[in-house]
Amino acid sequence: MFDLERIQNETFVEQFVYRPEIGSTNDLAMQLGMQDETLLPALVLTACQTAGRGRGANRWWAGPGALTCSLILASPAVRLAPERRAQVSLVAALAVCETVSDLLPTTAVGLKWPNDVQLSGRKVSGILVEVPSHHSEMFILGIGLNVNNTFEQAPRDVRSLATSLTESTGLVYDLTDVLIRLLHRTEAELTQLEADDDNLPLRWQALCVLRGKTVQLTAGSQTHTGLCDGIDRDGALLLQTESGSRRFFSGVISAVE
Ligand code: BTN
């Protein structure tokens, strides 16, 4: 299914761990991230993830043919203060958007703040950024991208919202090729983030699917409703609410009109 040698030789990955089946690549990446001998950047890749995790209590469902992996990265310039975590998630989403656009140049790709990528308005990818405890200079970038998987066997809520590259085009993609493209894009986006490149905020703003829509955002026990002005340069979602303009660094989008 994967050409492991190509992935190792053609990408910035220094250590590569492949498991034919695993609960969650993020879980193993978190363990490896805490071991001194792990060479970074490291990649955990699987052909079959049985207990994928999403943000909060969400699960990530992925049938055969999906791409599920976690990068373990260290970057002194991107010390993960909470407000920078939003940016890491966004640059990963940009990398996914670019990868998908390269492969499907005529299909609409968009970014749903903070960590989803949409293809023709349906979720094609989810991103989960985590930090191993006591290692604030390190982060785990978990990416799930629906490539050759279909959703007949998926839970109903997933079936109604998700799509994959193959569902969109009817083509079957070389998973190694898609992964290598994604890793190249991710490396380039992270380099831009470290350099504080002014183009990044322009690009995530241009891809923001919530801009101009009325959005309900739940943060902790509070729900805020407002017209979305997009995403600012720090990665915060901007809402014009009844109590004025607000910035949110985290939250769950619960409704969009
Ligand atoms: C979300 O949509 O809330 C984020 C989903 C993230 C899923 C990926 S798949 C690879 C990595 N391993 C996990 O357990 N989760 C992430």
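One-based numbering, in listed order, for ligands and for the atoms of each. Keep in mind it's a predicted model, so treat the numbers as computed, not measured.
The shortest distance between side-chain heavy atoms of Leu73 and Phe12 falls below 4.5 Å.
The proximity of Ile127 to ligand 1, defined as any non-hydrogen pair under 4.0 Å, is limited to the backbone. The side chain of Ser70, and not its backbone, has at least one atom closer than 4.0 Å to an atom of ligand 1 (non-hydrogen atoms only; side chain from C-beta on).
Met30 and Trp60 fall into different hydrophobic clusters, defined by Ile, Leu, Val, Met, Phe, Trp and Tyr side-chain heavy atoms under 4.5 Å apart, directly or through other members. Follow the hydrophobic side-chain contacts under 4.5 Å out from Met1 and you reach Val178 in the same cluster.
At least one N/O-N/O distance between Lys123 and ligand 1 falls below 3.5 Å. No N or O atom of Thr68 sits closer than 3.5 Å to an N or O atom of ligand 1. For ligand 1, one of its N or O atoms has an N or O atom of Gln49 under 3.5 Å away.
Counting atoms of ligand 1 from 1 in the listed order, those under 4.0 Å from a heavy atom of Arg55 are 1 (C), 3 (O). Using a 4.0 Å cut-off to heavy atoms of Gly144, the atoms of ligand 1 that qualify are 8 (C), 9 (S). Here is the list of ligand 1 atoms found below 4.0 Å of a heavy atom in Gly52: 14 (O). Atom numbering of ligand 1 starts at 1 in the shown order; those under 4.0 Å from a heavy atom of Arg53 are 5 (C), 6 (C), 7 (C), 13 (C), 14 (O), 15 (N), 16 (C). Taking a cut-off of under 4.0 Å to the non-hydrogen atoms of Gly54, the atoms of ligand 1 that pass are 1 (C), 3 (O), 4 (C), 5 (C). Residue Ile143 approaches ligand 1 through these ligand atoms, each under 4.0 Å from one of its heavy atoms: 8 (C), 9 (S), 10 (C). Numbered from 1 in the order shown, with element, the atoms of ligand 1 that lie under 4.0 Å from a heavy atom of Asn115 read 1 (C), 3 (O), 4 (C).
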Full working for side chain to side chain donor-acceptor pair (under 3.5 Å) between Thr46 and Thr68: CA-CA 6 Å; Thr46 188; Thr68 45; 5.4 Å; no

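Residue Glu5 places its CD atom among 12 or fewer non-hydrogen atoms of other residues, nucleotides or ligands, all under 6.0 Å distant.
With hydrogens left out, the protein atom closest to atom 10 (C) of ligand 1 is Thr25 OG1, 3.3 Å, a heavy atom. In terms of protein heavy-atom proximity, atom 5 (C) of ligand 1 is closest to Trp60 CE3, 3.6 Å.
Counted by atom type alone, Thr25 and Gln49 present one or more donor-acceptor pairs between their side chains at under 3.5 Å. A donor and an acceptor atom, one from each side chain of Asn26 and Glu130, are located under 3.5 Å apart.
Between Glu10 and Arg181 there is no salt bridge, since no side-chain nitrogen of the basic residue lies less than 4.0 Å from a carboxylate oxygen of the acidic one.
The side-chain contact (heavy atoms from CB on, under 4.5 Å) with Thr225 is formed by just one residue from the set Thr214, Leu217, Thr241, Leu239; it is Thr214.
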